[in-house]
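Notes follow once the structure below has been shown.
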Amino acid sequence: MSDFKGLPQSGFVRLSAILAPHGPLPVGKSTWWQGVKNGRFPKPVKLGPKTTAWRVEDIRALIERLGR
């Protein structure tokens, strides 16, 4: 089951668009960052000094891999 609702076709998304309650992945911030650290979740891209985002393609691939 693919749940890409709310994700753009391409580009970058911020963490608030990835995690629940507004995003498709039901994990908390601490769990997310631990998953990034251990390689379970995609690495972020720094867009600026205070701006961190993820490639939409990486998030879509993650959702597919998790079977959501």
Side-chain angles (χ1 to χ4, degrees):
M1 173 180 133
S2 299
D3 185 9
F4 299 134
K5 179 174 57 174
L7 290 178
Q9 290 297 324
S10 63
F12 297 95
V13 288
R14 301 288 302 271
L15 195 55
S16 61
I18 299 170
L19 304 182
H22 304 292
L25 297 175
V27 297
K29 285 183 183 180
S30 297
T31 301
W32 178 262
W33 284 110
Q34 184 61 42
V36 168
K37 182 178 177 181
N38 67 27
R40 181 174 178 210
F41 300 139
K43 298 280 185 205
V45 175
K46 289 292 282 182
L47 300 179
K50 294 184 178 182
T51 306
T52 301
W54 283 259
R55 291 179 183 87
V56 172
E57 295 82 359
D58 293 344
I59 300 305
R60 288 176 177 267
L62 173 65
I63 293 169
E64 284 292 324
R65 190 177 83 230
L66 295 176
R68 298 201 152 273

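What you find for P26 and P24 is that their closest heavy atoms are CD-O, 3.5 Å. Closest approach of P8 to V13, counting heavy atoms only: CD-CG1, 3.6 Å. In this structure, A17 and L7 approach most closely via the heavy-atom pair O-CD2, 4.1 Å.
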> After noting the C-alpha distance and the side-chain angles of F41 and L25, does the key distance pass the side chain to side chain contact (heavy atoms under 4.5 Å, CB included) rule?
Replying inline: CA-CA 11 Å; F41 300 139; L25 297 175; 5.6 Å; no
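To the nearest 0.5 angstrom, Q9 atom CD is 4.5 Å from R60 atom CZ.
Looking at residues two or more places apart in sequence or on another chain, you find a side chain to side chain contact (heavy atoms under 4.5 Å, CB included) between R55 and F12, V45, E57, D58. Take W33 and apply the ring-ring contact (aromatic ring centres under 6.0 Å, His included) test, not counting sequence neighbours, and it matches W54.
At most 12 non-hydrogen atoms from other residues, nucleotides or ligands lie less than 6.0 angstrom from NZ of K37.
Contact check for T51 versus R14: side-chain heavy atoms found under the 4.5 Å cut-off. A heavy-atom distance below 4.5 Å is not found between the side chains of L15 and T52.
Connection of L66 to I18 is established within a shared hydrophobic cluster, with ILVMFWY side chains joined at heavy-atom distances below 4.5 Å, either directly or through further cluster members. Taking hydrophobic clusters as Ile, Leu, Val, Met, Phe, Trp and Tyr residues chained together by side-chain heavy-atom distances below 4.5 Å, I59 shares a cluster with V36.
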